[in-house]
Asks: 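Input: one structure, supplied below.
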Amino acid sequence: MAIIKIQKGTKDILPSDMPVWYFMEDNARKIFSEYGAKEIRTPIFEATELFARGVGDTTDIVNKEMYTFEKSERSLTLRPENTAGVVRAFIENGMHRLSAPIKLWYKGPMFRYERPQAGRQRQFHQVGVEVFGIKQPTADAEVILMAVNYLNALGLNDLSVELNSLGCPKCREEFKTKLKDVIKPYLSQLCPDCQARFEKNPLRLLDCKVEECKAIYAKPEIQEVIQSDFICEECSEHFSGLKSYLDALKINYSINKLLVRGLDYYNRTVFEIKSNNLGSQNAVCGGGRYDSLVRNLGGEDTPAVGFAMGMERLASLIGNRDDEKTRAFVVSNNTVEGIKLAEELRRAGISAEFDLTNKKFVKQLEKASKVAKFAVILGEDELNSNQVTVKNLDTSEQKTIPREELLKAI
Ligand code: HAM
């Protein structure tokens with residue numbers, strides 16, 4: 001019969017991959033809880049409306065990339081990202097009544113119908129943090145600090161932080177108008193995506209990857225608008241505040257005026273953390289401030305800031321990590337005593353295996369040396385004298401000891 005293959009853009013995470021995934025997950029829990037963040041797990045599917053309203057219906061994610069389906073006349077969508085879902089849970093569970101800041105972290109699969117390529121999948125995993133209730137730039141700084149420290153804990157230091165401020169809806173409107181005015185004469189030369197974005201979402205013109213468009217946006221009169229300090233005084237103060245905290249924390253960053261991010265909910269701070277070792281899909285982390293999202297999704301006015309990282313991209317930078325070996329492999333042809341001793345070890349908190357097929361002694365020892373740190377040998381002599389022989393499989397050192405000394409010996 002024909003075998004059924006895995007879907008394009010998805011990957012099995014195999015047992016041999018797990019050491020890296022445990023490493024990322026254990027560190028997420030450890031590092032984020034150092035900042036007082038609590039884990040939240042929200043459903044994989046939500047009402048389609050949540051993303052249309054949350055992420056924004058002019059974005060590529062909502063327009064082209066969502067896995068949407070109907071059930072009982074309801075339109076549902078597999079989450080393409082998790083900020084909208086966390087905000088929904090925040091509102092629905094009355095978390096605004098908790099004392100601010102409310103810090104939440106998450107990990108899990110996300111789904112985007114994108115063209116698969118290195119570093120880009122249709123099902124991928126994110127680990128992320130959302131901090132609610134603080135409008136001051138201290139929160140933005142702490143969120144960036146959390147991201148950087150998490151990456152450092154994973155041994156990833158060779159990364160660059162890029163920063164921008166998108167201003168508030170008011171100052172951004174003025175900027176959009178200026179940008180459109182200066183780009184308008186070239187409209188017919190832009191790619192179809194940019195032509196569509198021109199009216200709906202002109203900021204997104206800035207991160208178009210099409211060479212012809214990039215050449216147009218590099219023209220002096222357009223660059224003058226892009227590089228201008230368009231943000232209002234309050235937004236500018238917020239941005240300066242953030243920069244001074246980052247300086248004090250010795251976090252290196254560069255300002256990238258072209259950084260606009262692909263989701264509609266941001267205002268003021270946006271940031272990305274990039275790696276030079278990842279090819280074209282080089283962002284390991286993206287985030288920013290979204291002060292209107294809680295209100296737009298029906299909650300009380302609550303400022304918020306957060307980030308998410310792509311775990312497959314992190315995994316590819318971390319590389320392989322050794323699997324932890326089983327502590328003890330019980331080698332015995334007495335199946336009853338062998339199976340009992342292995343279980344005794346497990347109950348004492350020591351991982352243990354036993355050959356379930358009663359193979360020859362030497363075969364059992366061979367297997368033990370592949371998977372375990374110690375062989376615990378229970379032969380006829382040992383059984384008769386209530387002893388065990390412990391062999392360290394790294395050093396080949398071996399000694400016979402009374403049974404009651406076994407736990408201490410391994
Ligand atoms: P995002 O930039 O869309 O932001 O995604 C964050 C990260 O997820 C990216 O930097 C990348 O590492 C990873 N990622 C995205 N798409 C894919 C894909 N198709 N395959 C593999 N990895 C991918 C967000 O999702 C926002 N919710 C971040 C945020 C949280 N902003 C505020 N709070």
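All ligand and atom numbering here is 1-based and tracks the order in the structure.
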Asks: Please could you name the atoms of ligand 1 that L263 approaches to less than 4.0 Å, counting only its heavy atoms?
Replies: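 Near L263, the atoms of ligand 1 are 3 (O), 4 (O).
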
Asks: Taking only heavy atoms of F307 into account, list the atoms of ligand 1 that are under 4.0 Å away from them.
Replies: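 This gives 29 (C), 30 (C), 32 (C), 33 (N) as the contact atoms.
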
Asks: Could you identify the single nearest non-hydrogen protein atom to atom 14 (N) of ligand 1 and state the distance to 0.1 Å?
Replies: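 For this ligand atom, the closest protein heavy atom is F124 CE1, 3.5 Å.
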
Asks: I need the nearest protein heavy-atom contact for atom 28 (C) of ligand 1: residue, atom name and distance, please.
Replies: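 Its nearest protein heavy-atom neighbour is G286 O, 3.4 Å.
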
Asks: Between K30 and E34, does any NZ, NE, NH1 or NH2 come within less than 4.0 Å of an OD or OE carboxylate oxygen?
Replies: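 The answer is yes: the pair qualifies as a salt bridge.
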
Asks: Where is the nearest protein heavy atom to atom 5 (O) of ligand 1: which residue, which atom, and how far?
Replies: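 Scanning the protein heavy atoms, the shortest distance from atom 5 (O) of ligand 1 goes to Q126 NE2, 3.1 Å.
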
Asks: Need the ligand 1 atom indices (1-based, order shown) with element for anything under 4.0 Å from a heavy-atom of R120.
Replies: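 So the atoms of ligand 1 that pass are 18 (C), 19 (N), 20 (N).
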
Asks: With a heavy-atom distance limit of 4.0 Å, tell me whether Y266 approaches ligand 1 through its side chain, its backbone, both, or neither.
Replies: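 For Y266, the contact with ligand 1 is made by the side chain alone.
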
Asks: Decide, yes or no, whether a salt bridge links R347 with E344 under the criterion of side-chain N to carboxylate O below 4.0 Å.
Replies: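 Looking at E344 together with R347, the answer is no, because their closest N to O distance does not fall below 4.0 Å.
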
Asks: Any side-chain heavy atom of P109 within less than 4.5 Å of one from R79?
Replies: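 Yes - at least one pair of side-chain heavy atoms lies under 4.5 Å apart.
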
Asks: If hydrogens are left out, which of P116, G119, G310 has an atom nearest to atom 21 (C) of ligand 1, that is, the closest non-hydrogen atom?
Replies: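 The option holding the nearest heavy atom is G119.
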
Asks: I would like to know whether E397 and K399 meet salt bridge (charged side-chain N to carboxylate O under 4.0 Å, His left out); could you show each step before the answer?
Replies: CA-CA 7 Å; E397 247 177 277; K399 57 183 179 213; 5.9 Å; no

Asks: Just going by heavy-atom distances, which of Y113, F271, Y265, F111 is nearest to atom 26 (C) of ligand 1?
Replies: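 Answer by nearest heavy atom: Y265.
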
Asks: In ligand 1, which numbered atoms sit nearer than 4.0 Å to a non-hydrogen atom of C285?
Replies: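 Those qualifying, in numeric order: 10 (O).
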
Asks: Is any N or O atom of N82, backbone or side chain, closer than 3.5 Å to an N or O atom of ligand 1?
Replies: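 No, no N or O pair falls under 3.5 Å.
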
Asks: Please determine whether any non-hydrogen atom of G9 lies less than 4.0 Å from an atom of ligand 1.
Replies: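 No heavy atom of G9 comes that close to ligand 1.
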
Asks: For G262 and ligand 1, answer yes if some heavy atom of the residue is under 4.0 Å from a ligand atom, otherwise no.
Replies: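 No.
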
Asks: Using heavy atoms and a threshold below 4.0 Å, how should the contact between E312 and ligand 1 be classified: side chain, backbone, both, or neither?
Replies: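 It is neither part, as no heavy atom is under 4.0 Å.
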
Asks: Counting heavy atoms only, name the option from E81, R112, R122 that's nearest to atom 15 (C) of ligand 1.
Replies: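 The nearest heavy atom belongs to R112.
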
Asks: Quick one: which ligand 1 atoms are inside 4.0 Å of a heavy atom on E114?
Replies: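 The atoms of ligand 1 under 4.0 Å from a heavy atom of E114 are 16 (N), 18 (C), 19 (N).
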
Asks: Give the ring-plane orientation class for F32 versus Y150, where under 30° counts as parallel, over 60° as perpendicular and anything between as tilted.
Replies: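 It falls in the tilted class, 30° to 60°.
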
Asks: Among all protein heavy atoms, pick the one closest to atom 12 (O) of ligand 1 and tell me residue, atom and distance.
Replies: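 Scanning the protein heavy atoms, the shortest distance from atom 12 (O) of ligand 1 goes to A283 O, 2.8 Å.
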
Asks: Specify the protein heavy atom at minimum distance from atom 4 (O) of ligand 1: its residue, its atom name, and the distance to 0.1 Å.
Replies: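 Result: R261 NH2, 2.9 Å.
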
Asks: At their closest point, which heavy atom of N164 faces which heavy atom of L259, and how far apart are they?
Replies: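 Closest pair (atom of N164, atom of L259, distance): ND2-O, 2.9 Å.
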
